[in-house]
Amino acid sequence: MNDVWFSEPVVIDFQPNGQRKVSSCFEAMECLDQRWPGQARDGAWRSANRVCRDALDGLRSPVEARKTLRKAAKVAGLLA
């Protein structure tokens with residue numbers, strides 16, 4: 001399975017640890033699984049998780065994956 005790269009990174013603010021530029025679906029999955037706050041694991045988080053996994057499997061586009069990641073970060077108040 002190859003990584004799927006975004007046209008431009010999504011900058012997520014994981015305070016107090018600082019910002020992270022997420023440039024690909026693998027990076028997005030790492031953030032969603034390991035760094036995302038527990039209280040922010042809602043429907044938008046689940047959607048981003050699913051769409052990024054689908055993009056890695058070739059079922060969704062990188063544009064869709066980036067868009068859903070950005071939406072999840074915005075809903076969680078993490079969008080820098």
Side-chain angles (χ1 to χ4, degrees):
M1 178 178 353
N2 292 325
D3 200 354
V4 176
W5 294 89
F6 301 149
S7 59
E8 71 178 86
V10 176
V11 180
I12 301 175
D13 194 2
F14 291 109
Q15 287 299 328
N17 299 322
Q19 295 181 348
R20 166 116 189 240
K21 286 185 180 180
V22 179
S23 300
S24 71
C25 286
F26 274 134
E27 291 177 9
M29 293 305 305
E30 178 188 14
C31 287
L32 289 163
D33 289 342
Q34 297 175 14
R35 299 187 70 184
W36 215 263
Q39 72 274 13
R41 294 186 180 209
D42 55 7
W45 173 84
R46 281 190 299 279
S47 180
N49 206 320
R50 182 178 60 250
V51 173
C52 287
R53 286 185 194 280
D54 285 351
L56 289 170
D57 289 337
L59 302 173
R60 300 281 188 111
S61 74
V63 172
E64 290 175 285
R66 183 184 182 280
K67 184 178 178 180
T68 57
L69 176 65
R70 194 173 188 290
K71 180 180 177 183
K74 186 176 183 178
V75 168
L78 300 173
L79 194 59

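In what follows, every heavy atom counts, from backbone to side chain, and hydrogens, waters and symmetry copies are set aside.
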Exercise. Once you round to the nearest 0.5 Å, how far does CG of L32 lie from CZ of R41?
Worked result: 8.0 Å
Exercise. How would you list, by chain and number, every residue that makes a side chain to side chain donor-acceptor pair (under 3.5 Å) with Q19, sequence neighbours excluded?
Worked result: none
Exercise. Do V11 and L79 come within less than 4.5 Å of each other through their side chains, counting heavy atoms only?
Worked result: no
Problem set entry | Whether Q34 side chain and C31 backbone form a donor-acceptor pair below 3.5 Å | no
Problem set entry | Interatomic spacing from CG in L78 to CZ in R35 - rounded to 0.5 Å | 10.0 Å
Seminar exercise, completed: One should read off an interatomic distance between E30 CD and C52 SG, to the nearest 0.5 angstrom, of 12.5 Å
Problem set entry | Validation row: V4, S24 side chains within 4.5 angstrom (heavy atoms) | no
Exercise. Mind checking whether C25 and F6 have side chains closer than 4.5 Å, heavy atoms only?
Worked result: yes
Exercise. Taking the side chain as C-beta and beyond, is there a heavy-atom pair between R50 and T68 under 4.5 Å?
Worked result: no
Exercise. At what distance, to the nearest 0.5 angstrom, does CG of D42 lie from CH2 of W36?
Worked result: 9.0 Å
Problem set entry | Set of side chain to side chain contact (heavy atoms under 4.5 Å, CB included) partners for K67, sequence neighbours left out | none
Exercise. If you look at every heavy atom in V10 and R70, which pair is closest and at what distance?
Worked result: CG1-CA, 4.3 Å
Exercise. Under the side-chain hydrogen bond (donor to acceptor under 3.5 Å, both in side chains) rule, what pairs show up with a residue in residues 8-18, not counting sequence neighbours?
Worked result: D13-Q15
Seminar exercise, completed: So CG of D57 and CG of N2: to nearest 0.5 Å the spacing works out to 11.5 Å
For this session: Answer yes when R53 and D33 have at least one side-chain N-carboxylate O distance shorter than 4.0 Å, and no when they do not.
Result: yes
Exercise. Can you tell me if W5 uses its side chain to pair, donor with acceptor, with the backbone of S23 under 3.5 Å?
Worked result: no
Exercise. Side-chain contact, heavy-atom cut-off 4.5 Å: L69 with V51?
Worked result: no
For this session: State plainly whether one hydrophobic cluster holds both I12 and V75, where clusters connect Ile, Leu, Val, Met, Phe, Trp and Tyr through side-chain heavy atoms under 4.5 angstrom apart.
Result: no
